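A quick note: this is a predicted structure, and the numbers were derived from the prediction, not measured. First the proteins, then the strands, lettered A, B, ... as listed; each starts at 1.
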Amino acid sequence: MAAIAVFLIAEAIPALQANNSSFLTELLWTPNNTPPVFGIGALAFGTIMSSALALAMAMPVAVGVALFISHYAPRKIAGALGYVVDLLAAVPSVVYGLWGVIFLVPFMQGPSEFLNEYLGWFPLFSGDPVVGRSMLTAAIVLAIMILPIIAAISREVFLQVPRMNEEAALALGATRWEMIKMAVLPFGRPGVMSAAMLGLGRAMGETIAVALIFPATFGITFGILGPNGNSIAANIALGFAEAGEVGRGALIASGLVLFIITLVVNMAARMIIARRSGASA
Amino acid sequence: MAKQIQVSGLDAYYGAHKAIADISMTIEPRSVTAFIGPSGCGKSTFLRTLNRMHEVIPGARVEGKVMLDSDDLYGPGVDPVSVRRTIGMVFQRPNPFPTMSIYENVAAGLRLNGRISKSKTDEVVEQSLRGANLWNEVKDRLNKPGAGLSGGQQQRLCIARCIAVKPQVLLMDEPCSALDPISTLAIEDLITELKDEFTIVIVTHNMQQAARVSDRTAFFNLAAQGQPGRLVEMDETSAMFTNPSEKATEDYITGRFG
Ligand SMILES: Nc1ncnc2c1ncn2[C@@H]1O[C@H](COP(=O)(O)OP(=O)(O)O)[C@@H](O)[C@H]1O
Ligand SMILES: [Mg+2]
């Protein structure tokens, strides 16, 4: 692990030294020009934006599906659904990417225009023009991609709630939903948070699915319906083959940034989980 | 605050397996009724039919009639959730909510009935903890987790949680079987105090306990493994222990089986 890190850092340093701009704040990515100019700004923004959106869309659905399987569906249906979820979790991401390009990109044109027209006052839905190949579409593909894994883990967590805690709630006169709020969700929270972090990590690291969809622009735009979007991983996938020496070093540097972001997000999540359980202790 | 329970011709099933058959009895208000009998004879099953907890197990069902004063608990249109709010239950293993503090555990049931003010909640929490003889031990650490208490304290916490919603009846399924003798005594004292306010039913494996705390005792038995459990007899506890009318009861009480 350390050897890999040292090797990558060694590869990245010459490129960073050759850079004619600030790596952390520059938006453009032209490491193969002379002089080379590149920065992580737009790419890091796109990575975080697309993954955060994906997580926000996937979480409620995933937790709902997990609760349905663990506590609502009759046993047979629960078994079948659980199997389908596990199966979906194993689908290679390129399949989701292709589905995104072929089906979702054209399909999203209409709904995006609708959002823009009626909710355009909201910064996320503002902007002109509105296209199908957008940040939103990429985020939806990511959301669908991470949904099964979050749902599968959450379901396992919910199934582990001790029967006696559920019975305690029911015996107090809780309805099924009240029982879930009283006994299942609090017990499952740390596990669901871990599932969310795993999903977020996957979304941030996802390469091929988003590389197919992102228009690969280099800017920071909050409107998610326009022809904008890129991510660190997608940029590496698209740029590595034709990169020169500086270009490769630059891409490696961006990969290290992705690694750091993932690390920071994970540590933050761990701290939140620890603080939550610490507060009640 | 306490009501009579009248059971007639009650059968309970787990899927196709009939666990108890044809049970009829009257449980008097403001008294303690003990259920005794060998393991597997259906004491827990019967107890759980009294507050409709039996049916939360997949495939489990009940036939027969249970009346709480004049209310038919299994009548058409009766919501099991409201039955459980009227008839509370304490389990064999203490089961406080592990993520909640002592205070939150006691308040958990209150909040099901809609919003109530902080001061009202404080009041009921204190009242219930006092009622469960636990207040003095926990009043300085109400915000600590309930799971941090000793087993006996946890069980009294569960009793406090149960009486906080002011039920008519308290059902207790071997509430002391996981506790040490001192905690057991504390719970027995508590039961004796609580019977002024509630109708109490307690399942116990411990003959002395039944003799100490109960006013009436019901003895259950099964004819053979795989057969449904039945009520053998029910009488004043003093009569049951000194002069049972059935041979099986005598054998069980004197420790010849079970
Ligand atoms: N959850 C369950 N599913 C299926 N059968 C059960 C379940 N609980 C109890 N039984 C069966 O019902 C019968 C009575 O059990 P129980 O009521 O627990 O007896 P007791 O409390 O007197 O020991 C036993 O034969 C037992 O195997
Ligand atoms: Mg039992």
query = Got Pro186(A) and Met100(B) here, is their nearest side-chain heavy-atom distance under 4.5 Å?
reply = no
key: Proximity breakdown for Pro96(B) and chain A, heavy-atom pairs closer than 4.5 Å   = backbone
query = Do Met89(B) and Leu172(A) come close enough that some side-chain heavy atom pair is under 4.5 Å?
reply = no
inquiry  = Taking atom OH as the centre, does Tyr13(B) end up with more than 12 heavy-atom neighbours from other residues, nucleotides or ligands that are less than 6.0 angstrom away?
reply    = yes
key: Arg176(A) portion near chain B, given a 4.5 angstrom heavy-atom threshold   = neither
message = Within the supplied structure, the quantity of interest is the number of heavy atoms (other residues, nucleotides, ligands) at a distance under 6.0 Å from Phe107(A) CZ; does it exceed 12?
response = no
key: Rounded distance (nearest 0.5 Å) linking atom OG1 of Thr99(B) with atom CZ of Arg189(A)   = 7.5 Å
task = Give the intermediate values and the outcome of side chain to side chain contact (heavy atoms under 4.5 Å, CB included) for residues Leu112(B) and Lys181(A).
result = CA-CA 11 Å; Leu112(B) 294 176; Lys181(A) 285 192 293 183; over 6 Å; no
message = Looking at Lys65(B), I'd like to know if its NZ atom is crowded, meaning that more than 12 non-hydrogen atoms belonging to other residues, nucleotides or ligands lie closer than 6.0 Å.
response = no
query = Which one of Gln92(B), Arg52(B), Met53(B) has the most heavy-atom pairs closer than 4.5 Å to chain A?
reply = Met53(B)
message = Are more than 12 heavy atoms, taken from residues, nucleotides or ligands other than Tyr74(B), located less than 6.0 Å from that residue's OH atom?
response = yes
ask   = Side chains of Pro98(B) and Phe187(A): closer than 4.5 Å at any heavy-atom pair?
value = yes
query = Which is it for Arg84(B) and Glu167(A) under the salt bridge (Lys or Arg N to Asp or Glu O under 4.0 Å) test, yes or no, and what are the steps along the way?
reply = CA-CA 11 Å; Arg84(B) 293 177 205 136; Glu167(A) 292 209 333; over 6 Å; no
key: Whether Asn95(B) side chain and Met164(A) backbone form a donor-acceptor pair below 3.5 Å   = yes
message = Other residues, nucleotides and ligands only: do more than 12 of their heavy atoms fall within 6.0 Å of CZ on Arg85(B)?
response = yes
More than 12 heavy atoms of other groups within 6.0 Å of Arg163(A) CZ = yes
message = For Arg161(B), which atoms come within 4.5 Å of any heavy atom of chain A: side chain, backbone, both, or neither?
response = both
